[in-house]
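Computed from a predicted model, the values in this text were never measured in an experiment. Sequence lines set the chain letters: A, B, ... in the order given, protein chains first and strands last, and positions in each chain run from 1.
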Number of protein chains: 2
Amino acid sequence: MDDAEGLAAWAALLADRSRAAMCLALLDNRAWTVGELARHAGVAMPTASEHADRLVNGGLAAEHRQGRHRYLSLAGPEVAALLESVSSQVAPGHAPLRSMAAAHRMRNLAAARTCYDHLAGTLGVAVADALAATGAIDRRSGLTLTGEGRALLGNVGIELATTTRRPLLRDCLDWTERRPHLGGVLGAAICRHAFDAGWIGRIGTGRAVRVTPAGADAFADQLGVVVPSTPDTPGAIYAARGAPRVINA
Amino acid sequence: MDDAEGLAAWAALLADRSRAAMCLALLDNRAWTVGELARHAGVAMPTASEHADRLVNGGLAAEHRQGRHRYLSLAGPEVAALLESVSSQVAPGHAPLRSMAAAHRMRNLAAARTCYDHLAGTLGVAVADALAATGAIDRRSGLTLTGEGRALLGNVGIELATTTRRPLLRDCLDWTERRPHLGGVLGAAICRHAFDAGWIGRIGTGRAVRVTPAGADAFADQLGVVVPSTPDTPGAIYAARGAPRVINA
DNA sequence: CCGACAGTTCGGCCCGCACCGAACATCCGC
DNA sequence: GCGGATGTTCGGTGCGGGCCGAACTGTCGG
């Protein structure tokens, strides 16, 4: 009975359009200031400030005050995973797109994006499929990283952190593809390496990413991934939105 | 931006104490009538009826009308999994127990219970640990059912459905133990077999289960599980609550 | 020291919605 | 067909909370 109280309180944090928008924005694993979140959600700053209080007090977000800025980020990978799960669950009935720009953004998001700290969209699913096809991961009984997979990643230069209690790899239901992509330590390591090696880069300021020409070759040669074509988008479209800044070293 | 709308709408379904209580009740994978849910949540029937409408329209619950009864159940395993995930996330800060009876119920729930259609609590975690210890499942790289595991289950007489798209096995973070127990097809098969073979039985009308004496031997001999002691509880404690009925064949 | 900027606090408005009682609609058992 | 039980519909009430503008605090830059 008192569990219900806690569950309801937790859900209430997401049960508001503005807070939901803020949480989804934070899913890009970067820290946003209150002002940026306010612009993103389309509310005044006092309102966003109150929402920020509730998200932090409710344990959904962490704050990081620095000078006159107050940065918000998600409280942790568990929160991100949960938000993604809920999003995928909700996704089926999504509203029709109203403008060319929105459709363009949607195409970019669907093609390749980050999901907290790993790859998602057509690209993310393609990576998961390629690793399964080459035997780097095995889905016949559960989900496991094979010895060949470890060797492959070692050759590519992807290190897997072993000191964390986080699952090594886990399926994350893709929001647009409705099929699983890879999360966990493995998913994060691949994504990080793809950024570091210049295989991918952000489109504008959102979660969408673009595969670079060199990246397309690298994905194909080193991971056996057939990279889907990326529509790309002039960054100007995003210019109206507040730009989140990265603070973590 | 319109994702936020959907996410908020979904969360709003759970963002009410009464609806949350109803959903948690439905987690026992049985069908409850509106009246039972009303008593369980402590609200009048008209209120519960409206809540039922919203849960069904929102896709969280399915309804099944039969005569003058209207049975509610969770919409599916995905919904159950999501609810369990959220519950585990929320659990850490749980309120202190106010009565002896509540403490008793809590002990029973913590010892052994069902989580939708698989085993949870100390028992559920013990099963997962035992399968890992005997090499039936492998956690070194992801989570897989080994050949030995398949053989073991075959000997015990547990059949694994292969026609479903549901994951064969997956970790489900335990609400009380804060460690994973087994869900998915495997978790459901083990739980079903434990009921069918008389290894476990329900305590009262809730989610709590008790390991029978024969069951304790069977768990130990056939699955290598050291069964934790079950406090057991006189069913009378539960008598005040409305009793859910099982309708599925 | 002073403007500009980021964020917070406060007061007030208003909408949504959870809740109930009463009346109504169904269905069951006798 | 007649109670009695299960649910639903309909008004009405009250509370919570989302929102904003205005005033205030604190920080950075010069």
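Partner of T114(A) under the side chain to side chain donor-acceptor pair (under 3.5 Å) criterion, chosen from R30(A), R202(A), R207(A): R202(A). The side chain to side chain donor-acceptor pair (under 3.5 Å) test with T122(B) singles out one residue from R113(B), H181(B), E177(B), and that residue is E177(B).
Proximity of a side-chain donor or acceptor of R19(A) to a complementary backbone N or O of A12(A) within less than 3.5 Å is detected.
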Give me, pair by pair, the N or O atoms of the protein and of nucleotides 22-30 of chain D that are less than 3.5 Å apart, along with how far apart they are.
residue : atom : partner : partner atom : Å
dT27(D) : O2   : R68(A)  : NH1          : 3.2

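When rounded to the nearest whole Å, the span between CD of E50(B) and P of dG21(C) equals 13 Å. With rounding to whole Å, D53(A) atom CG is found 14 Å from dG17(D) atom P. Atom pair R70(B):CZ and dC27(C):C1' shows a separation of 16 Å (rounding to whole Å applied). Counting to the nearest Å, the C1' atom of dA18(C) and the CD atom of E5(A) are 14 Å from each other. Note: NE2 (H64(A)) to C1' (dA6(C)) measures 16 Å, nearest angstrom.
Closest to the side chain of M45(B), from the set dC10(D), dC10(C), dT6(D), is dT6(D). In the set dC19(C), dT8(D), dT9(C), dC19(C) carries the atom at the smallest distance from any side-chain atom of S18(B). Distance from the side chain of H69(B) is smallest to dT6(D) among dG18(D), dC17(C), dT6(D). The nucleotide whose nearest atom lies closest to any side-chain atom of R65(B) is, among dT8(D), dC19(D), dT8(C), dT8(D). The side chain of H51(A) sits closest to dG18(D) out of dT9(C), dG18(D), dG7(C). Comparing dC19(C), dA18(C), dT9(D) by their nearest atom to the side chain of T47(B) picks out dC19(C). Considering only side-chain atoms of V34(A), the nucleotide from dG18(D), dG7(C), dC20(C) that sits closest is dG7(C). You'll find that the side chain of D16(B) is closest to dC19(C), out of dC19(D), dC20(C), dC19(C).
By the 4.5 Å heavy-atom criterion applied to side chains, L27(A) and L24(A) are counted as neighbours. Put simply, the side chain of L14(B) reaches to within 4.5 Å of the side chain of L83(B), judged on heavy atoms. Between L60(B) and W10(B) there is a side-chain heavy-atom pair separated by less than 4.5 Å.
A residue-by-residue look at V43(A) and G35(B) shows that G35(B) has its nearest nucleotide of DNA chain D further toward the 5' end.
Between H193(B) and W199(B), the ring planes lie perpendicular to each other; the angle is over 60°, past the 30° to 60° tilted range.
With respect to the salt-bridge test (charged N to carboxylate O, under 4.0 angstrom), the residues R170(B) and E84(B) do not qualify.
Summary for the helix from dC1(C)-dG30(D) to dC30(C)-dG1(D): the axes at its two ends, each from 5 pairs, differ by 40° when rounded to the nearest 10 degrees.
A214(B) meets the side chain to side chain contact (heavy atoms under 4.5 Å, CB included) test with T212(B); sequence neighbours excluded.
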